[in-house]
Novice: 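I have a structure here, written as structure tokens, and I will follow up with some questions on it.
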2 protein chains.
Amino acid sequence: MKTDHRSGCPINLSLEVFGDRWSLIILRDMIFGGKRHFRELLNGSIEGIASNILADRLKRLMELGMLTKADDPSHKQKAIYSLTEMAITLVPILAHLGAWGRVWLPVSEELSIRAELLERGGPPMWDKFMDELRHEHLGAPSDTPANATVRATLQAGYEAVVARKAPEARREPAA
Amino acid sequence: MKTDHRSGCPINLSLEVFGDRWSLIILRDMIFGGKRHFRELLNGSIEGIASNILADRLKRLMELGMLTKADDPSHKQKAIYSLTEMAITLVPILAHLGAWGRVWLPVSEELSIRAELLERGGPPMWDKFMDELRHEHLGAPSDTPANATVRATLQAGYEAVVARKAPEARREPAA
DNA sequence: TGCAACTGATTGCAAAATGCAATTGGTTTG
DNA sequence: CAAACCAATTGCATTTTGCAATCAGTTGCA
């Protein structure tokens, strides 16, 4: 692991962790998209990451303590990636980032509805979501029924927008 | 200005704005360090940006609407850079980023005291700080006396730490 | 058994970004 | 008039990124 830093400034050190074009995209897909496998991350993100970059970033994020990797018991060569607490606590930052982007950048409606719902939910919703992630990724106990999760709420919002925008063009989901 | 984006996702678009190693460092120095001139940014940041990268990023941030440039009336070849409202509204994100880095990364005490004070001040302090920045950079009216600014508070905290850590080793400030 | 599809990667190579040092044309200061 | 200062720019080596092809092992299915 790299141990020489440009400076001990918290903002600088944070940038050294995810101040590149892909790390935060991968974390976004794991956090909000529920992606856990290499292929899901490779094919699932609309930005189209290359497989060598993905492999490199996953390795790097593991070295930095943001992710862990484990064998999938159901499939000998399948690896399952998990968020650590360090990564889960990025949720408020991602929420703020999404809110900022919605205001200032040419976002598309489908892809920003999740950010809008998360912004409206505010810190209580972020806390609830982080608890869900702890349950999914760290095995922490949870008392939320699966159909009442924050992720399900966000996904339902996304699908409502898609249905409203192009009701006649919908087909079976690609994923 | 580049108009083709990887996706319309707010997080992705935000990353396209400052998802590199230097843009957010420059904005940090302008926001928290009060740097307005090329030389201040070049020599002032401890991370040591190269002049060609600084010139490139300033130009890029202007094209993106985060900064504006004006002639310094007191000095014909001096340019003064100003934050736009778009950049000023990054303050809460930077506050969260600093708070996250303080928890998870090997920050130095001197360089993280500002983040700590900003975190403790919470959203009311961030709002006050953003108002100060609007006054300084956008010419908005302000009713805060100069010695009661958030920036002065943060700077005083920094100097207190430096004084406490190495009281015998202090000299005239280099800058 | 055989074979296609899928798993998490790795390799080779071109293009782009970065880092560093020197330099530019102009301005201000002493 | 010379030294210092100003915002950059240039040239060049190194590093990072992006893309396509490929890899060896695993699984599902006929």
Side-chain angles (χ1 to χ4, degrees), chain A residues 1-2 4-7 12 15-26 29-30 33 35-64 67-82 174-175, chain B residues 1-2 4-7 12 15-26 29-30 33 35-64 67-82 174-175:
Chain A
M1 173 140 86
K2 228 169 47 168
D4 59 323
H5 302 290
R6 299 191 300 189
S7 87
N12 173 60
L15 277 181
E16 291 185 11
V17 172
F18 45 75
D20 70 274
R21 287 198 132 39
W22 290 110
S23 297
L24 212 56
I25 293 290
I26 293 168
D29 286 344
M30 291 188 69
K35 311 283 170 66
R36 307 288 297 262
H37 302 292
F38 191 92
R39 290 284 152 168
E40 287 180 316
L41 291 162
L42 187 64
N43 303 322
S45 91
I46 27 175
E47 288 86 8
I49 189 170
S51 69
N52 56 345
I53 309 281
L54 175 58
D56 179 81
R57 289 306 185 282
L58 287 172
K59 185 180 152 203
R60 192 179 132 81
L61 288 170
M62 284 190 285
E63 288 168 353
L64 290 166
L67 300 179
T68 58
K69 181 164 87 166
D71 292 339
D72 187 324
S74 77
H75 193 297
K76 268 185 189 146
Q77 75 195 128
K78 230 173 189 169
I80 187 159
Y81 293 91
S82 298
Chain B
M1 171 139 89
K2 225 165 61 165
D4 58 326
H5 302 290
R6 299 191 299 189
S7 85
N12 173 61
L15 278 180
E16 290 185 12
V17 171
F18 44 73
D20 70 275
R21 282 191 132 39
W22 290 112
S23 296
L24 211 56
I25 294 289
I26 294 169
D29 287 343
M30 291 188 68
K35 312 284 172 61
R36 307 288 297 261
H37 302 291
F38 191 93
R39 289 285 149 169
E40 288 179 313
L41 290 163
L42 187 64
N43 304 321
S45 92
I46 27 174
E47 287 87 8
I49 190 170
S51 68
N52 55 345
I53 309 281
L54 175 59
D56 179 81
R57 290 305 184 283
L58 288 173
K59 185 179 151 203
R60 191 179 133 82
L61 288 170
M62 283 190 286
E63 288 169 352
L64 290 167
L67 301 178
T68 57
K69 182 164 86 164
D71 292 338
D72 186 325
S74 76
H75 192 297
K76 267 189 191 142
Q77 74 195 127
K78 228 172 189 169
I80 188 160
Y81 292 92
S82 299

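Residue numbering restarts at 1 for every chain, and letters A, B, ... go by the order of the sequence lines.
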Novice: Which of the following nucleotides, C/dA21, C/dT10, D/dT17, is nearest to the side chain of A/D20?
Specialist: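 Selected nucleotide: D/dT17.
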
Novice: Without decimals, in angstroms, what is the distance between A/E47 CD and D/dC19 C1'?
Specialist: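 A/E47 atom CD is separated from D/dC19 atom C1' by 17 Å.
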
Novice: Tell me, do B/L54 and B/L58 make a side-chain contact under 4.5 Å, heavy atoms counted?
Specialist: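 Yes, their side chains come closer than 4.5 Å.
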
Novice: Using the side-chain heavy atoms of A/N52, tell me which of these nucleotides is nearest: D/dT9, C/dG8, D/dC19.
Specialist: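 Closest nucleotide to the A/N52 side chain: D/dC19.
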
Novice: Kindly say whether A/G48 contributes a backbone atom to a donor-acceptor pair with the side chain of B/R6 at under 3.5 angstrom?
Specialist: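 Answer holds: no.
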
Novice: Round to a whole Å and report the spacing from CZ of A/R21 to C1' of C/dA17.
Specialist: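 Between C1' of C/dA17 and CZ of A/R21: 10 Å.
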
Novice: Roughly, in whole Å, what's the span from CG in A/L42 to C1' in C/dA5?
Specialist: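 Rounded to whole Å, this separation is 15 Å.
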
Novice: Does A/K69 reach a base, just sugar-phosphate, or nothing at all? Heavy atoms under 4.0 Å.
Specialist: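 If one applies the 4.0 Å heavy-atom cut-off, A/K69 turns out to touch the sugar-phosphate alone, with no base involved.
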
Novice: Assign each of B/N43 and B/I53 to its nearest nucleotide of DNA chain D by heavy atoms, then name whichever residue's nucleotide is nearer the 5' end.
Specialist: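 Looking at DNA chain D, the more 5' nearest nucleotide goes with B/N43.
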
Novice: For DNA chain D, whose closest nucleotide is more 5', that of A/K76 or that of A/R57?
Specialist: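 Residue closer to the 5' terminus by nearest nucleotide: A/R57.
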
Novice: Judged by atom type as modelled, is there a donor-acceptor pair below 3.5 Å linking the side chain of A/H37 to the main-chain atoms of A/Y81?
Specialist: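 No, the answer is negative, given that no donor and acceptor are paired below the 3.5 Å cut-off.
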
Novice: To the nearest Å, how far apart are B/L54 CG and D/dT9 P?
Specialist: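 For the pair B/L54 CG and D/dT9 P, the rounded distance is 11 Å.
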
Novice: Has B/R39 got a side-chain N or O lying under 4.0 Å from the OP1 or OP2 atom of D/dA7?
Specialist: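 So the side-chain polar atoms of B/R39 do come within 4.0 Å of the phosphate oxygens OP1 or OP2 of D/dA7, strictly under.
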
Novice: Could you pick out which residue, A/R6 or A/H75, lies toward the 5' side of DNA chain C when each is mapped onto its nearest nucleotide?
Specialist: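 Upstream on the strand: A/H75.
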
Novice: Measure CG/B/D72 against C1'/C/dT27 and give the value in whole Å, please.
Specialist: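 Atom-to-atom, B/D72 to C/dT27, this comes out as 12 Å.
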
Novice: In this structure, how many angstroms lie between the P atom of D/dA7 and the CD atom of B/E40, rounded?
Specialist: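 Going from CD in B/E40 over to P in D/dA7 covers 8 Å.
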
Novice: Got B/L15 and A/I25 here, is their nearest side-chain heavy-atom distance under 4.5 Å?
Specialist: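 With C-beta onward as the side chain, the pair touches.
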
Novice: Return the value, rounded to whole Å, for the distance between atom CG of B/D56 and atom C1' of D/dA7.
Specialist: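 In whole Å, D/dA7 C1' lies 14 Å from B/D56 CG.
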
Novice: Given D/dG18, is OP1 or OP2 found less than 4.0 Å from the side-chain N or O atoms of A/W22?
Specialist: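 Yes.
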
Novice: Please report the distance, rounded to the nearest Å, between CZ in B/F38 and P in C/dT27.
Specialist: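 Distance check: B/F38 CZ to C/dT27 P gives 18 Å.
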
Novice: Does a side-chain N-to-carboxylate-O contact under 4.0 Å join A/R57 and A/D20?
Specialist: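 Salt bridge between A/R57 and A/D20, a charged N being under 4.0 Å from a carboxylate O: yes.
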
Novice: Once hydrogens and angles are ignored, does a donor-acceptor distance under 3.5 Å link the base of C/dG8 to the side chain of A/Q77?
Specialist: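 No, no donor-acceptor pair under 3.5 Å.
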
Novice: Which nucleotide, C/dG8, C/dT10, D/dA7, lies nearest any side-chain atom of A/S51?
Specialist: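 Among C/dG8, C/dT10, D/dA7, the one nearest the side chain of A/S51 is C/dT10.
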
